[in-house]
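Each remark here refers to the structure printed beneath this line.
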Amino acid sequence: MASSSPEKGYALLEALNLEVHYGGIAAVKGVSFAVEEGELVCLIGANGAGKTSTLKALARMIPSSGEIHYRKERLDRQPSHLLIGKGMALVPEGRGIFARLTVAENLAMGAYHRNDKDGIAADLAHVYTLLPRLKERAEQVAGTLSGGEQQMLAIGRALMGRPQLLLLDEPSMGLAPLMVEKVFEVIRAVAAEGVTIFLVEQNARLALQTCSRGYVMESGRITLADTSDKLLADPRVRAAYLGE
Ligand SMILES: Nc1ncnc2c1ncn2[C@@H]1O[C@H](COP(=O)(O)OP(=O)(O)O)[C@@H](O)[C@H]1O
Ligand SMILES: [Mg+2]
């Protein structure tokens, strides 16, 4: 897996030998990967492979062993709250929006740690341009949005923190195909603006078609790492993840 380890200190994000245990059970068994600034990289794998655990470890929401380097800092011994303001944002599986708050209130929550009023207003205007549907529904209670709209809100809220790195956990989950396409258009647009994205997906085909590079995770291990073109053509990927 030569492509999985760019030189140390070069990548925006690098995990080395990351492990996550729940009690005595190992969910992530020593994975290494790197995401360079400006890249759109995916981690694909079946349900239970360890993808969410990997993202939660990166965001310091659960304990892990191994090294996590982000912007040349060691993150692995820092708690989650110290990451705020460092430019890493996680859009969790299931979205984690505040169902009883309005769209506008949810977006404001994404900027709660900031006090640059003008910057926040500019970012809100930008999010509404990128996601016009949210603007139309600004005063609507978030719990009444469709699944796709909720996913867009979760992405919009993360953007309100002006992230440098966005971690996305299964943005396509539970959405109708047309909505999945729309959400992925947003992901491509965000990436085109220079935000680095690490995308976790069970929808391997779409993820690989969207990203330049990918990692395949199976039972807590990364088993393949390559460019998306090569992974899409790989017979092992085709058989296991593309239904071919
Ligand atoms: N809080 C938890 N406690 C115990 N086991 C867990 C917990 N969360 C996940 N697991 C287990 O860890 C493994 C990986 O889960 P997860 O990271 O959610 O995978 P994925 O996101 O790829 O579906 C699974 O076997 C799952 O049952
Ligand atoms: Mg998951």
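Counting starts at 1 for both ligands and their atoms, following the listed order.
Enclosure of atom CZ in R74 by more than 12 non-hydrogen atoms of other residues, nucleotides or ligands within 6.0 angstrom is indicated.
Salt bridge annotation for E39-R213: present, with a cationic side-chain nitrogen under 4.0 angstrom from a carboxylate oxygen.
Remark: side-chain polar atoms of K51 are not paired, donor with acceptor, to backbone N or O of M217 under 3.5 angstrom. Under a 3.5 Å cut-off, the side chain of D234 and the backbone N or O of K230 do not form any donor-acceptor pair.
Residue T52 counts as close to the Mg ion (ligand 2), with an N, O or S atom under 2.8 Å. Within the coordination shell of the Mg ion (ligand 2), defined by N, O or S atoms under 2.8 Å, D169 is absent.
Atom-to-atom distance recorded for L175:CG and F184:CZ is 9.5 Å, nearest 0.5 angstrom.
Enumerated by chain and number, the residues approaching ligand 1 to less than 4.0 Å through a heavy atom are Y22, A27, A46, N47, G48, A49, G50, K51, T52, S53.
The closest approach of E93 to the Mg ion (ligand 2), by N/O/S atoms, is made by OE2.
A donor-acceptor contact closer than 3.5 angstrom links the side chains of E201 and S172.
Checked against C211 for a side-chain contact (heavy atoms from CB on, under 4.5 Å), the options L231, V41, L199 give a single hit: L199.
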